[in-house]
Number of protein chains: 2
Amino acid sequence: MSSNPKPEPATVKLAPKAVVGRVCLYLRQLELLHGQGEITISSAELGAPLSIKNAQVRKDLAYFGQFGHPGIGYQIDDLIGALRHVLGVDHEWPLALVGFGNLGRALLGYHGFRSRGFKIVAIFDADPAKIGRKLDRLVIEPLESLLQVVAARQITLALLCVPAEVAQSVADRLVAAGIVGIFNFAPTPIHLPEHVSLIGVDLGAQLENLAYKVEKSRELAPGASQASSY
Amino acid sequence: MSSNPKPEPATVKLAPKAVVGRVCLYLRQLELLHGQGEITISSAELGAPLSIKNAQVRKDLAYFGQFGHPGIGYQIDDLIGALRHVLGVDHEWPLALVGFGNLGRALLGYHGFRSRGFKIVAIFDADPAKIGRKLDRLVIEPLESLLQVVAARQITLALLCVPAEVAQSVADRLVAAGIVGIFNFAPTPIHLPEHVSLIGVDLGAQLENLAYKVEKSRELAPGASQASSY
DNA sequence: TAGATTGTTAATCGATTAACAATC
DNA sequence: TAGATTGTTAATCGATTAACAATC
């Protein structure tokens with residue numbers, strides 16, 4: 001433990017969503033660079049491949065502390081450690097996968113989760129025909145077991161991949177079982193109590209956004225659009 | 001040669017990303033209400049289930065025209081038609097599915113696309129073991145066929161579900177084949193020429209966002225977080 | 001008319017960018 | 001020291017919210 005300036009003088013400034021989103025990208029980029037043997041990096045170099053300006057990078061990082069060295073830049077391994085801690089990905093997260101349809105099946109095998117400490121430790125489905133099926137080391141369980149399994153395996157987060165019609169009611173049951181964060185893939189908004197966090201991705205809506213962009217750039221003229229990177 | 005530095009003086013206000021995102025939600029909500037036999041709706045009623053304020057709803061819609069009637073509200077079927085046109089979902093969009101791994105397989109069966117006029121009409125993969133396999137009415141084809149198939153089936157959009165390492169190079173080939181919009185699922189930013197539109201969803205990064213929220217609300221106190229709806 | 005609700009303007013709020021003294 | 005780069009403040013930009021005359 002070093003001589004840290006001021007740990008937290010009641011300044012619980014929770015970072016804006018946009019900032020957190022970008023910090024995730026910085027972390028991934030940093031890990032890539034670390035793997036390539038890089039030692040330090042400047043805000044400009046870090047932002048460039050992500051199309052993010054140097055001032056933005058510095059401001060984002062400054063939300064969480066002072067990590068840089070004037071004239072030098074950022075120590076990559078130190079920054080990786082700091083950002084992992086900030087984002088809460090410096091430890092494992094046991095996940096429940098709820099709804100084992102097409103999308104649920106894909107998420108079970110999705111590498112982007114596992115590589116970040118997110119580990120699916122339970123699968124639930126309402127369909128009696130699916131219950132009992134074995135996958136990997138897991139068995140598909142009925143929603144009736146939610147309460148017991150969530151407690152036993154200390155599950156905190158859930159991937160919700162059920163049909164839109166039942167998304168809200170299943171979400172309610174997840175909350176009742178003690179889940180504190182839900183990643184909603186159902187194409188419908190759901191409402192949760194204040195203490196439960198929520199992220200939603202509506203793939204259909206996203207694709208409509210893309211259609212709009214294309215339609216619009218066609219209108220504007222053959223060859224004028226705004227490019228962007230994600 | 002082209003004598004237009006600025007094509008349209010007044011009316012080419014391309015709506016901000018956030019506005020388009022919300023309009024997609026309005027459209028879905030309106031279709032739901034239409035199915036329930038509702039005829040008219042006010043901005044307040046439309047926004048409520050989405051946790052969006054009435055002023056915001058009116059402002060968003062006003063980007064695209066005047067659809068409402070003072071004292072009455074909006075005619076649901078008229079508004080649906082208008083928004084579909086604005087978003088470009090009043091006609092079919094032939095899609096290419098590129099990369100037939102876990103996620104690609106899930107997207108092939110994903111109902112949220114088909115119900116909006118998005119229709120997968122070609123599947124590509126680089127793996128010789130997969131090429132030739134039949135699914136639904138489609139055959140998995142090699143990337144070498146891209147140019148020919150995209151032209152023949154008039155494909156404009158692509159779902160990119162390949163590993164991060166090859167995402168950029170495959171995207172380049174898609175662009176070369178004439179694709180004008182890419183939905184990138186690979187967990188890496190890609191860069192495209194100006195005339196090609198891009199939407200990216202990084203599921204791993206999203207899950208990290210959720211982890212951050214949970215971590216943060218734990219710090220703040222047991223029972224204080226910001227709820228939101230998607 | 002009285003009540004409801006729009007589209008739009010003005011006020012507020014937040015996020016991005018630029019600029020620069022401080023630091024290595 | 002000279003050059004590089006930080007963290008932070010100030011300026012700019014954009015998005016959300018409130019307020020209200022106009023309209024049905």
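Note on naming: letters A, B, ... go to the chains in the order of the sequence lines (proteins, then strands), and numbering restarts at 1 for each one.
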Exercise. Which residue, Gly73(B) or Lys59(B), contacts DNA chain C at a nucleotide closer to its 5' end, judged by nearest heavy atom?
Worked result: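 Of the two residues, Gly73(B) wins.
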For this session: For Ala55(A) and for Ile72(A), find the nucleotide of DNA chain C with the closest heavy atom, then tell me which residue's nucleotide is more 5'.
Result: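 Going by which nucleotide is closer to the 5' end, it is Ala55(A).
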For this session: With sequence neighbours left out, write down each residue that passes ring-ring contact (aromatic ring centres under 6.0 Å, His included) with Phe185(A), or none if nothing qualifies.
Result: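 Applying ring-ring contact (aromatic ring centres under 6.0 Å, His included) to Phe185(A) gives Phe183(A).
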For this session: List for me each residue that meets ring-ring contact (aromatic ring centres under 6.0 Å, His included) alongside Phe113(A), sequence neighbours excluded, and say none if there are none.
Result: Tyr110(A)
Exercise. 5' to 3' on DNA chain C, which nucleotides open and close the contacts with chain A (atom under 4.0 Å from a heavy atom)?
Worked result: dA15(C) to dC24(C)
Who passes side-chain contact (heavy atoms from CB on, under 4.5 Å) against [X], sequence neighbours left out?
X: Glu38(B); answer: Leu33(B), Ile76(B)
X: Thr156(A); answer: Trp93(A), Pro94(A), Val180(A), Arg218(B)
X: Pro70(B); answer: none
X: Gln75(B); answer: Ile39(B), Thr40(B), Asp77(B), Asp78(B)

Exercise. What residue pairs, at least two apart or across chains, pass side-chain hydrogen bond (donor to acceptor under 3.5 Å, both in side chains) with a residue in residues 163-178 of chain A?
Worked result: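 Qualifying pairs: Gln168(A)-Asp172(A).
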Exercise. For Arg22(A), which residues count as a salt bridge (Lys or Arg N to Asp or Glu O under 4.0 Å) partner, sequence neighbours excluded?
Worked result: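 Result, salt bridge (Lys or Arg N to Asp or Glu O under 4.0 Å) vs Arg22(A): Asp60(A).
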Exercise. With Glu31(B), which residues qualify under salt bridge (Lys or Arg N to Asp or Glu O under 4.0 Å), at least two apart?
Worked result: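 Salt bridge (Lys or Arg N to Asp or Glu O under 4.0 Å) check on Glu31(B) returns Arg84(B), Arg116(B).
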Exercise. Listed in order of residue number, which residues of residues 29-45 of chain A have a non-hydrogen atom at under 4.0 Å from DNA chain C?
Worked result: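 Of all residues in residues 29-45 of chain A, none places a heavy atom under 4.0 Å from DNA chain C.
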Exercise. Which stems does DNA chain C form, counting runs of 3 or more consecutive Watson-Crick or G-U wobble pairs with both distances under 3.5 Å?
Worked result: C:3-24 with D:3-24
For this session: May I ask you to check whether over 12 heavy atoms, not counting those of Gln36(A), lie within 6.0 Å of atom CD?
Result: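 Above 12, so yes.
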